[in-house]
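For ligands, and for the atoms within them, numbers begin at 1 and follow the listed sequence.
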Amino acid sequence: MEQFVSRKKLKTTQENDEKEEENKRKGEVVVNLGNESQVIYIPKLFCFHESSTYLEFLNTHIPWTRPTIRVFGRSLLQPRDTCYVASAGITELVYSGYKPKAHSWDDFPPLNEIREAVHKALPGSSFNSVLLNRYKGGNDYVGWHADDEKLYGPTPEIASVSFGCERDFLLKMKPDKTSKAASKTEGEASSKQMKKNAYSNQHSFKLKHGSLLVMKGYTQRDWLHSVPKRAKADTLRINLTFRRVL
Ligand SMILES: O=C(O)CCC(=O)C(=O)O
Ligand SMILES: [Fe+2]
């Protein structure tokens with residue numbers, strides 16, 4: 001009898017966990033970008049209260065810096081604050097001529113909690129680094145780029161968690177891919193389904209407080225993304241992009 005009761009309890013907990021996961025994924029949007037590139041958007045991975053607690057923690061406890069980077073041969077102050085956290089022993093990250101210092105996960109337990117929630121939402125994923133960005137207001141931004149550094153391999157899964165001010169996240173096809181994609185789409189457009197899903201060269205998402213956006217497949221090879229300046233988005237936003245260095 002005792003065994004029966006505890007087993008029943010166990011099942012209930014498991015059922016509750018499944019229900020909780022299901023609730024988190026409510027409103028999930030999957031966008032097939034074509035040519036094996038995909039974006040998944042989950043608006044509410046974290047509830048409002050959890051998200052606000054993480055925003056406050058990250059804002060006050062992360063050692064933010066605003067480095068000088070090189071873009072198109074010119075030095076400029078990166079238009080947002082940044083910090084990098086990574087597992088020991090993995091290949092160092094270098095982007096735009098800048099090599100961020102890798103901080104330890106152990107120094108920021110809430111970051112590990114967020115990473116675990118992302119792992120739960122994306123079965124099979126295992127991220128060993130996170131690049132954090134802090135946008136202090138609407139003048140802070142990230143320009144068009146792809147996270148296509150070699151250390152992530154050809155088809156990285158990049159999981160982006162946002163807290164704070166809602167900002168637009170834009171995707172556009174890389175210029176050299178546009179014509180090829182158009183001819184491919186035309187060729188495939190015979191089926192009704194394809195016509196309905198006719199691929200577009202641009203997409204935009206409003207990244208909400210506590211949301212998760214995932215870029216998968218060949219998105220980094222074929223697409224650029226950005227978070228442009230927005231005069232009206234004048235409050236703090238913190239974004240975390242989880243990546244796996246191979
Ligand atoms: O802030 C964002 O939503 C995007 C950040 C980003 O693209 C990056 O860190 O590579
Ligand atoms: Fe990026």
Side-chain angles (χ1 to χ4, degrees), residues 29 31 33 37-43 45-46 51 54-55 58-59 62 64-67 69-71 77-86 93-103 111 114-115 118 127-174 202-230 233-245:
V29 176
V31 179
L33 302 172
S37 297
Q38 204 184 38
V39 171
I40 301 169
Y41 179 60
I42 298 170
L45 185 68
F46 299 105
S51 302
Y54 284 134
L55 179 67
L58 296 166
N59 191 33
I62 290 293
W64 298 104
T65 56
R66 195 165 276 229
I69 54 170
R70 279 190 81 78
V71 180
L77 198 62
Q78 187 178 272
R80 62 195 179 280
D81 298 328
T82 199
C83 180
Y84 182 56
V85 174
L93 169 65
V94 181
Y95 70 91
S96 304
Y98 169 63
K99 191 199 290 183
K101 170 191 156 75
H103 293 268
L111 264 190
I114 300 169
R115 176 166 63 153
V118 173
F127 297 105
N128 56 12
S129 67
V130 63
L131 188 62
L132 299 95
N133 287 304
R134 178 169 70 174
Y135 305 78
K136 285 184 172 157
N139 264 330
D140 284 359
Y141 68 98
V142 60
W144 288 111
H145 71 282
D147 300 315
D148 55 2
E149 287 81 9
K150 274 217 174 85
L151 73 172
Y152 302 128
T155 55
E157 181 174 41
I158 295 185
S160 162
V161 175
S162 294
F163 298 117
C165 188
E166 207 171 295
R167 294 285 294 261
D168 292 321
F169 177 87
L170 311 182
L171 278 156
K172 72 172 180 189
M173 201 179 278
K174 286 187 183 175
Q202 285 199 41
H203 297 271
S204 105
F205 298 84
K206 276 204 187 306
L207 298 187
K208 289 188 179 290
H209 188 41
S211 68
L212 170 66
L213 178 135
V214 189
M215 295 181 275
K216 290 173 65 163
Y218 288 105
T219 307
Q220 304 310 317
R221 185 193 66 185
D222 294 352
W223 293 76
L224 299 170
H225 57 275
S226 70
V227 176
K229 286 188 186 191
R230 286 286 183 259
D234 60 352
T235 58
L236 175 74
R237 169 177 187 260
I238 290 177
N239 172 266
L240 285 57
T241 47
F242 291 90
R243 302 127 185 266
R244 176 161 186 83
V245 173

Atom name, Asp147 (N, O or S, nearest to the Fe ion (ligand 2)): OD2
Ser162 N/O under 3.5 Å from ligand 1 N/O: no
For residues 130-152, pull every pair meeting ring-ring contact (aromatic ring centres under 6.0 Å, His included), keeping only residues two or more places apart or in separate chains. His145-His225
contact_flag Arg134 ligand 1 heavy-atom lt 4.0 Å: no
Salt-bridged, Asp81 to Arg66, with N to O below 4.0 Å? yes
For residues Gln38 and Leu33, determine if any side-chain heavy atom of one lies less than 4.5 Å from a side-chain heavy atom of the other. no
Here the atoms of ligand 1 under 4.0 Å from any heavy atom belonging to Tyr135 are 1 (O), 2 (C), 4 (C), 5 (C)
Contact check, side chains of Leu58 and Leu111, non-hydrogen atoms, under 4.5 Å: yes
Which atoms from ligand 1 have a heavy atom of Asp147 less than 4.0 Å away? 10 (O)
Measuring from atom 6 (C) of ligand 1, which candidate in His145, Gln220, Arg167 has the nearest non-hydrogen atom? His145
Excluding sequence neighbours, so at least two apart, what forms side chain to side chain donor-acceptor pair (under 3.5 Å) with His203? none
Atom 4 (C) of ligand 1: the protein heavy-atom neighbour that sits closest, reported with distance to 0.1 Å: Asn239 OD1, 3.8 Å
Atom indices of ligand 1, in the order listed, that fall short of 4.0 Å to a heavy atom of Arg237: 1 (O), 2 (C), 3 (O)
Angle between ring planes, Tyr54 versus Phe163, binned at 30° and 60°: parallel, tilted or perpendicular? tilted
Side chain to side chain, Asp147 and Leu131, heavy atoms closer than 4.5 Å: no
Suppose I only count heavy atoms of His225 and a 4.0 Å limit; which atoms of ligand 1 are within that range? 7 (O)
Supply the atom-to-atom distance Ser211 OG to Asn239 CG, rounded to the nearest 0.5 angstrom. 8.5 Å
Tell me whether Arg80 reaches ligand 1 (any heavy atom closer than 4.0 angstrom to a ligand atom). no
Can you list the ligand 1 atoms lying under 4.0 Å from a non-hydrogen atom of Asn133? 5 (C), 8 (C), 9 (O)
Within the 4.0 Å heavy-atom shell around Arg243, which atoms of ligand 1 are there? 8 (C), 9 (O), 10 (O)
